[in-house]
Every structure is written in C-alpha cells, then in structure tokens.
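Let me begin by presenting the structure, written as structure tokens, before commenting on it.
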Amino acid sequence: MTAFEESAPMVVGVDNADAARVAVLWATVEAGRRELRLRPVHALDRPVGAAHRSSAFGRDDGP
C-alpha cells in the first residue's frame, strides 16, 4: 500500500437510489478490508438560473 493510499479515505457517492445503498455497503466492506477510512459524499445540484448567496463574500453569485 502506498503512503497516499494509507492517508486517503475511500470515497463513495450516496443518494436515495437502491444502487447507491448497495455501493455504500460494498464500500464499507472494502474500506474495512483495506483498513481505510470511508467518506460517503452527496452532492446537490441547484436548478439552472438559481441564485447562490455566498455568505463568505457577502455577494450574490447567481446570474
């Protein structure tokens, strides 16, 4: 195992699909087998044209 593999978590995408549940189960077993941390991630899409308020910069990044 490389130094990168030892420090990097295994990442698995998550949503409400049945396939995602299977993927998380597989990733849990595989991360345990490889002795890696598991990081489930979920990304959200915002609708096209939706404004985004950035609290860090206090500005509207929308169209």
Side-chain angles (χ1 to χ4, degrees):
M1 184 177 296
T2 68
F4 175 78
E5 288 173 326
E6 290 175 7
S7 64
M10 178 176 283
V11 178
V12 61
V14 179
D15 62 15
N16 285 333
D18 289 338
R21 292 184 184 115
V22 172
V24 169
L25 178 59
W26 175 86
T28 300
V29 171
E30 190 64 19
R33 188 181 73 79
R34 296 179 186 210
E35 298 182 1
L36 296 172
R37 293 172 292 131
L38 180 63
R39 177 169 295 160
V41 295
H42 180 84
L44 299 175
D45 286 331
R46 63 181 169 151
V48 174
H52 173 69
R53 174 66 64 187
S54 174
S55 60
F57 300 106
R59 67 174 195 255
D60 185 359
D61 292 334

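Keep in mind it's a predicted model, so treat the numbers as computed, not measured.
Through direct or relayed side-chain contacts under 4.5 Å between Ile, Leu, Val, Met, Phe, Trp and Tyr, Val29 connects to no other residue.
What you find for Leu36 and Ala8 is that their closest heavy atoms are CD2-O, 3.8 Å.
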Only distances under 3.5 Å count here; give the side-chain donor-acceptor pairs of residues 9-19 to other protein atoms, sequence neighbours excluded, each with its distance to 0.1 Å.
| from | atom 1 | to | atom 2 | distance (Å) |
| --- | --- | --- | --- | --- |
| Asp15 | OD1 | Ala17 | N | 2.9 |
| Asp18 | OD1 | Arg21 | NH1 | 2.9 |

